[in-house]
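One-based numbering, in listed order, for ligands and for the atoms of each. On a predicted model such as this, the values are computed, not experimentally measured, just so you know.
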Amino acid sequence: MLATLGTASEEEDTGQAAYRIMLKREDMAHDPEMLALLDSDTVVRWIGERRHIIAYSVSDKQIYNISTAQPDTHFASATNATYTTRGSKKTMLDVYSSFCPLIHRILDLVPEGEVCEWKLRVHKELPTWVHGSVALVGDACHPTLPHLSQGAAMAIEDGAVLAECVSRIPRNKLQDPEAVTKALKVYELLRKPHTTKLVDMASFSGRTLHLGEGKAKEERDRQFRDNGKSGSVPDKWASPDVQKMIYSNDCMKEAEQRFDELFASLA
Ligand SMILES: Cc1cc2nc3c(=O)[nH]c(=O)nc-3n(C[C@H](O)[C@H](O)[C@H](O)COP(=O)(O)OP(=O)(O)OC[C@H]3O[C@@H](n4cnc5c(N)ncnc54)[C@H](O)[C@@H]3O)c2cc1C
């Protein structure tokens, strides 16, 4: 689609990769500290220079879900189409060797040969998401670093807003290809500013979480110690102001309220 439009998606190498791990309760049950994590009803993020781990229990606390981010140093050669590769357990343990003993024990539970690593890729904001009767949704138009936990959420919202826009094409114009394109353009106008903001915020939050020693880290840690008293914390995923902005955004209501005006404004 972009080639037809004479443009391209400019890929940005984020320099980051992620391990994704799921551990079973039965494999953690022997360790009281791990059991406490599983039962804590808490999402925990351990952060360090250029790397972090986020983890929480799922499936009625039967599974501990772990996602990491670390320097992308194991993808020197091209990966497969899904940007995943089988990682070495030793390398994974080395990458997190400076973390606390609990993390070492948790990562050590990953079976050898089952370390799966994702390359984290994004691209610059696309000039458009729509061509004729084709519209892009989700990661195809706004791949997002996982640090805000919003990529899939935004993809679902895209789908819902797209459906709302298509359902609002005036009945007498349903056979008119131009009206379909206009409705898709309205979808893009409704979604692009919000998704671009969250894509940028996810990158920003990653940079803050991954700071090394220095003044910027000292200031970040001071803000963490303040614990949201100012209405904000450096981890944007956990920040009260950001959570309010994300979860009070009623994309369907906005589509209902603004569709007619935006549709009429398009030539
Ligand atoms: C480590 C990590 C952690 C994340 N954590 C979160 C989180 O906590 N919360 C959150 O909201 N998001 C999270 N995300 C982001 C989320 O996974 C993505 O944003 C989401 O999956 C995007 O959905 P999508 O449907 O747009 O694309 P995808 O999930 O990539 O789906 C596209 C599908 O199309 C298929 N496909 C591709 N080409 C073709 C073809 N030619 N023909 C047919 N099928 C094709 C692919 O196989 C794939 O199944 C995370 C991502 C990563 C990498």
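- Nearest to atom 53 (C) of ligand 1 by heavy atom, out of Leu145, Leu120, Thr144, is Leu120.
- For ligand 1, the polar-atom distance check finds an N/O of Ala152 within less than 3.5 Å of one of the ligand's N/O atoms.
- The distance from the CD atom of Glu188 to the SG atom of Cys165 is 11.0 Å, given to the nearest 0.5 Å.
- Near Gly138, with a cut-off below 4.0 Å to any heavy atom, the atoms of ligand 1 are 26 (O).
- Checked by distance only, ligand 1 and Ser67 stay at 3.5 Å or farther apart across all their nitrogen or oxygen atoms.
- Each of Arg45, Gln223, Arg220 was evaluated against Asp235; a single residue qualifies, Arg45, per the side-chain contact (heavy atoms from CB on, under 4.5 Å) test.
- Counting Ile, Leu, Val, Met, Phe, Trp and Tyr side chains that sit under 4.5 Å apart, directly or through other members, Leu209 shares a hydrophobic cluster with Ile47, Phe224.
- Listed by first and then second residue, the ring pair (Phe, Tyr, Trp, His ring centres under 6.0 Å) pairs that reach into residues 152-204 are Trp129-Tyr187, sequence neighbours excluded.
- Put simply, Ile53 and Met28 are part of the same group of oily side chains (I, L, V, M, F, W, Y) that touch within less than 4.5 Å, one to the next.
- Of the listed residues (Asp139, Ile66, Ile156, Leu136), the one carrying the non-hydrogen atom nearest atom 22 (C) of ligand 1 is Asp139.
- With a 4.0 Å cut-off on non-hydrogen atoms, Gln150 touches ligand 1 through its backbone and not its side chain.
- Each of the following atoms of ligand 1 lies closer than 4.0 Å to a heavy atom of Ala18: 1 (C).
- Comparing Ala153, Pro146, Ser149, Ala17 by heavy-atom distance to atom 9 (N) of ligand 1, the nearest is Ser149.
- Side-chain atoms of Lys192 and Thr128 include no donor-acceptor pair closer than 3.5 Å.
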